[in-house]
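The next block holds one structure in the form of structure tokens; read it before the comments.
Keep in mind the model is a prediction, meaning the values are calculated, not measured. Naming: A, B, ... by sequence-line order, numbering from 1 per chain.
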2 protein chains.
Amino acid sequence: MAFQTSTASTSSTSHTSSRPVSVQSPAGLAPLEAEAVELFVGLAQVVGLPKSVGQIYGLLYISTVSLSLDEVAERLDISKGSASQGLKFLRQTGAVQVCEENDSRCDRYLAETGLRALASGFLKEQIEPHLENGEGRLDRLKRLAATAPAAERAHVLQRVKQLENWHRRASSLLPLLIRFLGK
Amino acid sequence: MAFQTSTASTSSTSHTSSRPVSVQSPAGLAPLEAEAVELFVGLAQVVGLPKSVGQIYGLLYISTVSLSLDEVAERLDISKGSASQGLKFLRQTGAVQVCEENDSRCDRYLAETGLRALASGFLKEQIEPHLENGEGRLDRLKRLAATAPAAERAHVLQRVKQLENWHRRASSLLPLLIRFLGK
DNA sequence: GGGATAGTTCAATTATTCTTGAACTCTGGA
DNA sequence: TCCAGAGTTCAAGAATAATTGAACTATCCC
């Protein structure tokens with residue numbers, strides 16, 4: 001639950017040297033950024049996502065400007081590998097976007113901040129697949145239930161029916177949820 | 001994602017010997033039970049609960065009769081420790097109940113099968129705490145945002161306001177969800 | 001009390017998941 | 001063509017979480 005202890009970065013070109021606390025660009029997070037990152041790390045854990053994903057999204061969420069992969073990795077003090085994977089995931093779920101109007105050669109990222117987009121991306125990627133494969137499971141269960149010893153059959157079939165009911169409700173809940181969160 | 005590979009139990013008193021496949025009482029799961037257990041193991045993973053919790057609930061869910069801690073542990077081939085912890089959790093969230101009308105000395109368990117009870121127990125235990133401590137986080141963030149460099153202040157305050165909005169919505173969603181799933 | 005059964009706890013082990021970093025691909029100059 | 005920067009991949013290592021099993025407490029019955 002802690003959050004990465006901030007061992008300050010190693011190599012930083014030291015011109016002008018004096019930097020009070022709240023920096024605006026290079027490696028190391030300003031307190032505000034650190035707090036935002038921490039908040040999203042917590043959120044990530046709740047929904048079962050790796051910490052690095054929460055860190056990355058948190059940083060982009062609070063950032064005033066778009067950031068490149070390298071900047072993200074450096075500021076959060078995580079490897080390029082993690083940053084790459086995290087950003088890939090966030091792109092896939094629609095939680096970040098590659099910034100258009102780009103001067104530099106590399107991609108720059110911006111957080112998508114619409115709750116609807118975030119939630120629906122997450123639900124589609126993380127929940128829907130499970131609901132779908134649940135269907136197969138239920139079918140198998142139903143078939144097995146039909147062959148159960150007579151004494152138990154009624155009970156067991158009732159349970160399977162209840163599961164199917166749950167499944168139906170969960171399926172219908174998804175779009176409702178998205179609507180509730182939408183705009 | 002697999003589910004415990006079923007290494008059949010070691011010591012079983014072998015009278016009458018011939019047992020085709022679908023047994024009705026002692027250690028080892030009947031195919032129907034195994035399928036139910038597997039289904040709930042999957043569900044457990046989705047919501048971030050340990051596999052053993054899914055196994056235990058799955059077994060109790062499909063079971064026609066109440067089961068004791070020892071029976072649960074033996075049939076699932078898990079340790080008493082796991083069974084104890086898993087059952088404790090399930091009791092706390094209201095997903096299983098200690099069976100009244102009890103002949104034997106030990107406690108016997110029955111699955112609670114009302115979707116509303118299950119969902120609200122889960123949400124209360126697993127989600128609500130995070131929402132509450134989120135409040136503290138938001139406050140801290142707000143305070144930091146107020147001290148941000150002027151150039152960023154407006155942007156940052158806007159983001160914080162958005163987060164507060166999300167938080168409000170999530171809070172109001174919880175009771176709605178429970179209502180939707182209820183009865 | 002003494003012995004047996006039921007259940008809990010928790011340190012050590014085991015399993016799972018995340019992160020790293022080096023090797024790799026791709027692309028755009030020079 | 002060759003180089004340099006941007007980004008990806010994935011095996012190995014580190015970090016986390018779950019499970020075991022043995023020691024313990026509590027209770028019931030003789």
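Between dT9(D) and Lys88(A), a contact under 4.0 Å exists linking OP1 or OP2 to a side-chain N or O. In this structure, Arg105(A) does not reach the dC26(C) phosphate: none of its side-chain N or O atoms is under 4.0 Å from OP1 or OP2. Contact annotation: Arg108(B) does not reach the phosphate of dG7(C) (side-chain N/O to OP1 or OP2, under 4.0 Å). When the side-chain nitrogen and oxygen atoms of Ser52(A) are compared with OP1 and OP2 of dT19(C), one or more of them lie within a distance under 4.0 Å. OP1 or OP2 of dT8(C) lies within a sub-4.0 Å distance of a side-chain N or O belonging to Ser84(B). Phosphate contact (OP1/OP2 of dT20(D), side-chain N/O of Ser82(B), threshold under 4.0 Å): present.
Summarising the geometry, the separation between CG on Asp70(B) and P on dT8(C) is reported as 11 Å, rounded to the nearest angstrom. Between the C1' atom of dT8(C) and the CZ atom of Phe89(B) lies a distance of 18 Å, rounded to the nearest Å. Spacing between atom CD of Glu74(B) and atom P of dT20(D) amounts to 14 Å, rounded to whole angstrom units. Look at CD on Gln55(A): it is 14 Å from C1' on dT20(C), rounded to the nearest Å. In this structure, CD of Gln45(A) is placed 20 Å from P of dT16(C), rounded to the nearest angstrom. The distance between atom CD of Gln92(A) and atom C1' of dT8(D), rounded to the nearest whole Å, is 13 Å. Atom CG of Asp77(A) is separated from atom C1' of dG21(C) by 14 Å (rounded to the nearest Å). Rounded to an integer number of Å, the gap from CG of Leu87(A) to C1' of dA6(D) is 13 Å.
The minimum heavy-atom distance between Ala111(A) and Tyr57(A), with the atom names listed, is CB-CE1, 3.9 Å.
At least one donor-acceptor pair under 3.5 Å links the side chain of Glu33(A) to the backbone N or O of Ala30(A).
Position along DNA chain C of the nearest nucleotide to Leu49(A) versus Lys80(A) favours Leu49(A) as the more 5'-ward residue. If you find the closest nucleotide of DNA chain D to Gln85(A) and to Asp107(A), the one lying nearer the 5' end belongs to Asp107(A).
Within the model, atoms CD of Gln55(A) and CG of Leu76(A) stand 5.0 Å from one another, a figure rounded to the nearest 0.5 Å.
Ile178(B) and Leu176(B) fall within a single hydrophobic cluster, where Ile, Leu, Val, Met, Phe, Trp and Tyr side chains are chained together by heavy-atom contacts under 4.5 Å.
Closest to the Cys106(B) side chain, of the nucleotides dT9(D), dT9(C), dA6(C), is dA6(C). The side chain of Ser79(B) lies closest to dG21(D), out of dC18(C), dT9(C), dG21(D).
For the pair Tyr109(A)/Leu90(A), no side-chain contact is recorded, criterion being any heavy-atom separation below 4.5 Å from C-beta on.
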